[in-house]
Protein chains: 4
Amino acid sequence: MSKPREEKYQAILDAATEAFAEYGYFTCQVSKIAKLAGVADGTIYLYFKNKEDILVSLFSDRMGNFIQEIRQSIVKCQTTQERLFCIIRTHFKYMEENRSLAIVTQIELRQSDPKIREAISGPLREYFHLIEQVLTEGVEKQEIILADVKVGRQMFFGTLDAAISDWVSSKKPRPLEGIEELVFELMRGAFKIK
Amino acid sequence: MSKPREEKYQAILDAATEAFAEYGYFTCQVSKIAKLAGVADGTIYLYFKNKEDILVSLFSDRMGNFIQEIRQSIVKCQTTQERLFCIIRTHFKYMEENRSLAIVTQIELRQSDPKIREAISGPLREYFHLIEQVLTEGVEKQEIILADVKVGRQMFFGTLDAAISDWVSSKKPRPLEGIEELVFELMRGAFKIK
Amino acid sequence: MSKPREEKYQAILDAATEAFAEYGYFTCQVSKIAKLAGVADGTIYLYFKNKEDILVSLFSDRMGNFIQEIRQSIVKCQTTQERLFCIIRTHFKYMEENRSLAIVTQIELRQSDPKIREAISGPLREYFHLIEQVLTEGVEKQEIILADVKVGRQMFFGTLDAAISDWVSSKKPRPLEGIEELVFELMRGAFKIK
Amino acid sequence: MSKPREEKYQAILDAATEAFAEYGYFTCQVSKIAKLAGVADGTIYLYFKNKEDILVSLFSDRMGNFIQEIRQSIVKCQTTQERLFCIIRTHFKYMEENRSLAIVTQIELRQSDPKIREAISGPLREYFHLIEQVLTEGVEKQEIILADVKVGRQMFFGTLDAAISDWVSSKKPRPLEGIEELVFELMRGAFKIK
DNA sequence: TATGAATGAGGGTTCATTCAT
DNA sequence: AATGAATGAACCCTCATTCAT
C-alpha cells in the first residue's frame with residue numbers, strides 16, 4: 001500500500017472511530033464519516049467494500065494494534081503477577097488514550113448482526129486467549145491459584161471491561177490510571193497471589 | 001390497565017425480546033415484532049409510542065422484574081457472603097431462564113444513541129446501586145475487605161456480565177449454574193472473605 | 001387478488017408503460033412511475049419486487065393480453081390468407097390503441113441485461129410460435145408456398161415490427177390502419193397466396 | 001487527426017462495441033470500456049465528450065462504414081433484382097463479421113433517450129433512404145411491382161433485421177449466409193420480380 | 001497526452017409510522 | 001381497539017466525469 005493511500009485509509013478509520021463512538025454504527029451515516037475524514041462520500045468506497053467493512057476493518061486494525069501493545073508490554077515481565085498488572089495498566093492506558101475506540105469497543109463489541117459479530121470476534125478472542133495463556137502459565141508455575149482458567153479470564157476481562165464501561169459513560173470520569181492499583185489488588189486476592 | 005390490555009402489552013414485549021435478541025434492535029423491523037406477537041403492525045403503536053419506546057419499556061419492565069427478584073433473594077441472607085452468593089445465583093438463574101433477555105441485555109445495554117442509553121441506564125444503575133449497598137454494608141460490618149466500593153462493584157458485575165456474554169455467544173454453553181461456585185470462590189478471594 | 005388491489009396493480013403498470021415509453025427503462029426513475037400512478041414511491045414495492053419486476057410484469061401482462069387478442073381474432077378464420085390478414089390487422093390495431101405499449105415493446109424488447117431479456121422473451125416467443133403455426137398449417141394445406149417457416153416468420157413479424165417502429169418514431173404518422181392492405185399485399189406475393 | 005490518435009480512437013470504439021454488446025449501453029460502465037481498450041478512464045474523455053458521445057460516434061462511424069460497403073456492393077449491379085440480393089448478402093455478411101456491432105445495433109437502435117435516438121437515427125435513415133432509392137428505381141424501370149415504397153422498405157429492412165435479431169440471440173445460430181437465398185426468394189415474391 | 005484517484009449527484013429501496021376502515 | 005395498506009423520508013452505494021500530477 002502506497003504512502004498516501006495508507007494515510008487516507010487510516011484517516012477514514014479514524015473518522016469512523018469518532019463517528020461510530022458518537023452515533024453508534026447504525027445511527028451513523030457513511031456521509032458523516034466522509035465529512036469527518038475530509039473526503040467525498042464515494043471515496044470511502046475506494047477503500048472499503050461497504051459500511052460494514054469499515055467497522056470490521058476498524059476492529060481488526062485497531063484491536064490488532066491494541067493486542068500487539070498488550071503483548072509487547074508483558075514480554076519483559078518475570079512473574080504472572082507482573083504480567084497481570086501490566087495487562088491492566090496497558091489496557092487502561094490504551095483505552096484512555098483512545099477514548100473513541102474504547103467507546104466503539106464497548107458499543108459494538110456486542111453486535112447482533114451475526115456477520116458483524118463473527119468478523120469482530122476474531123481480535124477479541126485473541127485477547128481472551130492471551131489472558132488465558134497468562135493465567136494457565138501462572139497456575140502451572142504455582143504463582144496463582146485458580147480452579148478454572150476460563151472463569152478466571154471472565155473475571156479478569158469483565159472487571160476491566162466494566163471499569164471502562166463506567167469510564168466512557170461518565171461525563172467526568174476519574175482517570176483509569178487511578179484505579180489500576182485497586183483493580184490489581186482485587187485480582188491479587190482472587191488469584192491468591194502471594 | 002385492563003386485563004386484556006396488559007396481556008397484549010406483555011405479548012408484544014415478549015415478542016420484542018425474542019426479536020431483538022435474534023436480530024438486534026436496529027436490524028429488527030417493527031413488523032417482525034408484530035408478527036411474532038400475533039398482532040398487526042399498527043397495533044404496536046396503540047401500546048408503545050415508537051420503536052425506541054418498546055426497547056425502553058422492555059428494559060424497565062424486565063430489568064425491573066430482575067432486580068426485584070434479586071432483592072427478594074437476599075432479604076433472608078444473614079451475611080454479606082451469603083448475599084453475594086445469592087446475587088450470583090439469582091443473576092445466573094434469571095438469565096438462564098430468560099436467554100433472550102440475557103442476549104438483549106448484552107447487546108443493547110451499550111447502545112450508542114444517547115436517548116436510548118439514558119432510558120436504559122435507569123434499571124442498570126439501580127442494580128449497580130444494590131450491589132454497592134451490599135458491598136458497603138459488608139465493609140462496615142467487616143465481613144469483607146475492599147478499598148473501593150465502586151471498583152468492587154465493577155469487578156463483581158463485570159465478572160457476571162462477562163460470564164453471561166460467553167454463555168450467550170456459545171452454541172453449546174456449559175450451564176451457568178455450573179460456574180456459580182467458581183465465580184464465588186474468586187469473589188471470596190478478592191473480597192478477602194474469611 | 002382483491003378488487004382494489006388489482007386496480008392499483010394495473011394503475012402502476014399503466015403508469016410504468018407511459019413512463020418507460022417516454023423515458024426508457026433505465027432513464028425512468030421509479031419515483032416517476034409512482035407519481036404518474038398517483039401513489040407513493042414505497043407503494044410500488046407492495047406490488048412489485050423491484051424496478052425490473054415492473055418491466056417483466058408489464059410484458060407478461062400486456063403482451064399476454066396482446067397475444068390472447070391475436071389468438072381470438074383468428075379462430076373464426078377459414079384460410080391461412082384470412083389468418084395472416086387478421087394477425088396484421090389485430091397487431092396494428094392493438095398497437096395503435098396502445099401507443100405507449102408499442103413504444104415500450106420497440107424499445108425494451110431488445111434489452112441487453114440477460115435477466116431482463118430472458119423474462120421478456122417468453123411472451124414474444126409465444127407470438128413467434130403462433131405465427132409459425134399458422135404458416136406451417138398453410139404450407140401443409142398448400143394455401144401458401146414457403147421454403148422455410150422460420151424465415152417466413154422473420155419476414156412476417158419483421159415487417160410488422162418495422163412498420164410500427166416507423167409509426168412510433170414519427171411525429172405525424174399515417175395511421176397503421178392505412179397500410180394493412182399494403183402490407184398484406186406484400187405478404188401475399190411473398191407467400192404466393194393464390 | 002494524427003495516426004496514433006486515430007488508432008486509439010478506434011480502439012476505444014472497438015472496446016465500446018464489445019462492451020455495449022455484452023452489457024448494453026446503460027449497464028456498461030465507462031470504466032469497462034476503458035479497461036477493454038487498455039486505456040485509463042480519463043483517457044476516454046480526451047476522445048469523446050461523454051458516454052453518450054461514444055455511442056453516437058460508434059453508430060456514425062461503424063454504420064457509416066456499413067452503408068458505404070452496401071453502397072459499393074451495388075454499384076456493379078445491373079438490375080434491381082441484383083441490387084436487392086446484393087444488399088441482403090452484404091448486410092448479412094457485414095453483421096456476421098461484426099457480431100458485436102450487430103448486437104449493439106439490435107439493442108441500441110431503439111434507444112428511448114430522445115437525444116440518443118436523434119443522433120443514432122442519422123445513419124439508419126441514410127440506409128433506409130438507400131433501400132427506398134433502389135426500390136423506387138425498380139418500380140420506375142418496371143423491374144418490380146410495389147404499391148408503396150415505404151412499406152416495401154419496411155418489409156425489406158424488417159425482414160433482415162428480424163433475421164439478425166434471431167441470429168444474435170441464438171446460442172447456436174445457423175449462419176446468416178445460409179438464409180440469403182431463402183430471404184431473397186420471399187422478396188422476389190413480394191416484389192413480383194420476374 | 002495520459003493517468004486514475006477523487007468527486008458528489010442521483011436513485012432504488014427499506015421501513016417506522018400513520019390513518020381510513 | 002384493531003387492522004394493514006399506504007406513506008415518504010432517509011440512506012447506502014454507484015458511476016460518469018473531473019483534475020492534479
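Distance, A/Phe26 CZ to E/dT14 P: 16 Å, rounded to whole Å. Following rounding to the nearest Å, B/Glu7 (CD) and F/dA2 (P) show an atom-to-atom distance of 11 Å. Note: CD (C/Gln29) to P (E/dT13) measures 13 Å, nearest angstrom. One atom, OH of A/Tyr45, and another, C1' of E/dG8, lie 13 Å apart when rounded to the nearest Å. To the nearest angstrom, P of E/dA6 lies 11 Å from CD1 of A/Ile44. Regarding D/Leu46, its CG atom lies at a distance of 11 Å from the P atom of F/dT18, rounded to whole Å. Between B/Asp41 atom CG and E/dA20 atom P the separation is 18 Å, expressed in whole Å. Rounded to whole angstrom, the span from the CG atom of D/Asn50 across to the C1' atom of F/dC15 amounts to 14 Å.
Screening D/Leu101, D/Val104, D/Ile54 for a side-chain contact (heavy atoms from CB on, under 4.5 Å) involving D/Phe59 leaves a single residue, D/Val104.
Cation-pi contact between C/Lys32 and C/Tyr23: present, with separation from the ring centre below 6.0 Å and deviation from the ring axis of at most 45°. Under a cutoff of 6.0 Å and an axis angle of 45°, B/Lys51 and B/Tyr25 form a cation-pi pair.
Distances shown here put a side-chain N or O of C/Lys8 below 4.0 Å from the OP1 or OP2 atom of F/dA6. Residue A/Arg5 places no side-chain N or O under 4.0 Å from the OP1 or OP2 atom of E/dA5. Put simply, D/Thr43 has a side-chain N or O that comes within less than 4.0 Å of OP1 or OP2 on E/dT3. One finds a side-chain N or O of C/Tyr47 lying less than 4.0 angstrom from the OP1 or OP2 phosphate oxygen of F/dA6. Between A/Lys32 and F/dC11, a side-chain N or O to OP1/OP2 separation shorter than 4.0 Å is absent.
The aromatic rings of B/Tyr9 and B/Tyr47 sit tilted relative to each other, their planes meeting at an angle between 30° and 60°.
Residues A/Cys28 and D/Lys51 each lie close to DNA chain F; by heavy-atom proximity, the contact nearer the 5' end of the strand is made by A/Cys28. Of the two residues near DNA chain E, D/Val39 and B/Lys49, the one whose nearest nucleotide lies more 5' is D/Val39. Each of C/Val30 and B/Gly42 was assigned the nucleotide of DNA chain E with the nearest heavy atom; the assignment lying further toward the 5' end belongs to C/Val30.
If you check F/dG8 for Watson-Crick or wobble pairing at under 3.5 angstrom, you find it paired to E/dC15. Across all strands shown, F/dA20 forms a Watson-Crick or G-U wobble pair, both distances under 3.5 Å, with E/dT3.
Summarising the geometry of B/Asp53 relative to B/Lys49, their closest heavy-atom pair is OD2-N, 2.9 Å, with the distance given to 0.1 Å.
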